[in-house]
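The figures here come from the full heavy-atom set of this structure, side chains too, leaving out hydrogens, waters and symmetry mates. We're numbering straight along the sequence, starting at 1. As the structure is a computational prediction, the values presented were derived from the model and not from experiment.
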Amino acid sequence: QVQLVESGGGLVQPGGSLRLACAASGIIVDNYGWNWYRQGSGKQRDRVASITSHFSVNYAESLKGRFTISRDNAKNTVYLQMNNLKPEDTAVYYCNVYTGTYNYWGQGTQVTVSS
């Protein structure tokens, strides 16, 4: 059974930082490319960042320089470091992986950026 569990979301003031974690079970993180998506209220779900099995990374153009995706193979966990957060970053953030057979999603973690 593949399970992805996001954590690390919460309320943060503008300019603050959060690190989201996606803890995976039933799958080896190192063997696949991983994605972070986000969906704001009333908006579509958009990809924020990706990391391949070869550690190549990609980011949404508007987020380059503020967000960093990484993984820790020993902990079988994917991370999203978010710095200089803005109110526009408020959304539910989702971890995602496509294994070639199935597209797996975590349950999402809420990030709210507000004073």
Side-chain angles (χ1 to χ4, degrees):
Q1 178 181 334
V2 175
Q3 184 176 0
L4 311 179
V5 180
E6 299 100 331
S7 62
L11 177 64
V12 64
Q13 62 184 299
S17 299
L18 287 173
R19 189 180 73 163
L20 307 183
C22 175
S25 60
I27 186 171
I28 300 175
V29 166
D30 186 46
N31 290 347
Y32 302 95
W34 294 80
N35 309 292
W36 284 97
Y37 285 76
R38 71 182 184 185
Q39 185 170 22
S41 179
K43 301 179 180 179
Q44 66 180 8
R45 186 176 298 183
D46 293 323
R47 186 157 58 187
V48 173
S50 301
I51 184 167
T52 73
S53 60
H54 306 291
F55 283 88
S56 177
V57 299
N58 288 284
Y59 301 95
E61 183 177 358
S62 63
L63 302 178
K64 290 181 179 179
R66 295 196 298 120
F67 287 19
T68 303
I69 188 171
S70 63
R71 69 174 191 258
D72 186 329
N73 294 336
K75 297 181 179 180
N76 209 42
T77 299
V78 181
Y79 300 94
L80 183 69
Q81 178 68 45
M82 306 185 295
N83 298 323
N84 192 26
L85 284 162
K86 306 175 185 297
E88 305 86 79
D89 297 320
T90 295
V92 178
Y93 286 72
Y94 298 90
C95 179
N96 163 262
V97 63
Y98 179 64
T99 65
T101 304
Y102 299 104
N103 200 19
Y104 294 100
W105 295 89
Q107 83 288 346
T109 185
Q110 176 72 49
V111 172
T112 302
V113 185
S114 176
S115 299

Exercise. Side-chain contact, heavy-atom cut-off 4.5 Å: Val111 with Leu20?
Worked result: yes
For this session: May I ask you to decide if Ile51's main-chain N or O and Asn35's side chain share a donor-acceptor pair within less than 3.5 Å?
Result: no
Exercise. Given the rule that I, L, V, M, F, W and Y join up when any side-chain heavy atoms are under 4.5 Å apart, are Met82 and Val92 in one cluster?
Worked result: no
Seminar exercise, completed: For Leu18 and Val12 the tightest heavy-atom approach is CD1-CG1, 3.9 Å
Problem set entry | Exercise: identify the closest heavy-atom pair between Ala24 and Trp34 | CB-CH2, 3.9 Å
For this session: Please say whether more than 12 non-hydrogen atoms of neighbouring residues, nucleotides or ligands are located less than 6.0 Å from CZ in Phe55.
Result: yes
Exercise. Within the side chain of Ser114, is there an N or O that forms a donor-acceptor pair under 3.5 Å with the backbone of Thr112?
Worked result: no
Problem set entry | Side-chain donor or acceptor of Asn76 paired with backbone N/O of Ile28 under 3.5 Å | no
Exercise. Do Ser17 and Asn83 have side-chain N/O donor and acceptor atoms under 3.5 Å apart?
Worked result: yes
Exercise. Any chain of hydrophobic side-chain contacts (each under 4.5 Å) joining Val48 to Val57?
Worked result: yes
Problem set entry | Donor-acceptor contact present, side-chain Thr68 to main-chain Gln81, <3.5 Å | no
Exercise. Is the side chain of Arg71 donor-acceptor paired with the backbone N or O of Thr52 at a distance under 3.5 Å, no angle test?
Worked result: yes
Exercise. Is any side-chain heavy atom of Ser115 closer than 4.5 Å to a side-chain heavy atom of Gln13?
Worked result: no
Exercise. For the side chain of Asp89 and the backbone of Lys86, is there at least one donor-acceptor N/O pair under 3.5 Å apart?
Worked result: yes
For this session: Report whether Val5 and Val2 are members of the same hydrophobic cluster (ILVMFWY, side-chain heavy atoms less than 4.5 Å apart, transitive linking).
Result: no
Seminar exercise, completed: Output for pair (Thr77 OG1, Asp72 CG), nearest 0.5 Å, gives 6.5 Å
Problem set entry | salt_bridge(Arg38, Asp46) N-O dist < 4.0 Å | no
Seminar exercise, completed: For Asn84 and Arg66 the tightest heavy-atom approach is O-NH1, 3.1 Å
Exercise. Between Phe67 and Tyr93, what is the ring plane arrangement, given parallel below 30°, perpendicular above 60°, and tilted in between?
Worked result: tilted
For this session: For Glu6 and Gly108, indicate whether the former's side chain and the latter's backbone hold a donor-acceptor pair under 3.5 Å.
Result: yes
Exercise. Are Tyr98 and Val78 grouped together when hydrophobic residues (ILVMFWY) are joined by side-chain heavy atoms under 4.5 angstrom apart?
Worked result: no
Exercise. Passes side-chain contact (heavy atoms from CB on, under 4.5 Å), Ser53 versus Tyr32? Steps please.
Worked result: CA-CA 5 Å; Ser53 60; Tyr32 302 95; 5.9 Å; no
Exercise. On the ring face of Tyr37, is Arg45 found with NZ or CZ under 6.0 Å from the centre and within 45° of the axis?
Worked result: no
Exercise. Does Tyr94 share a hydrophobic cluster with Leu4, counting links as ILVMFWY side-chain heavy atoms below 4.5 Å and allowing steps through other members?
Worked result: no
Exercise. Taking it one step at a time, do Cys95 and Tyr104 satisfy side-chain contact (heavy atoms from CB on, under 4.5 Å)?
Worked result: CA-CA 8 Å; Cys95 179; Tyr104 294 100; over 6 Å; no
Exercise. Are the side chain of Tyr59 and the backbone of Ile69 linked by a donor-acceptor contact shorter than 3.5 Å?
Worked result: yes
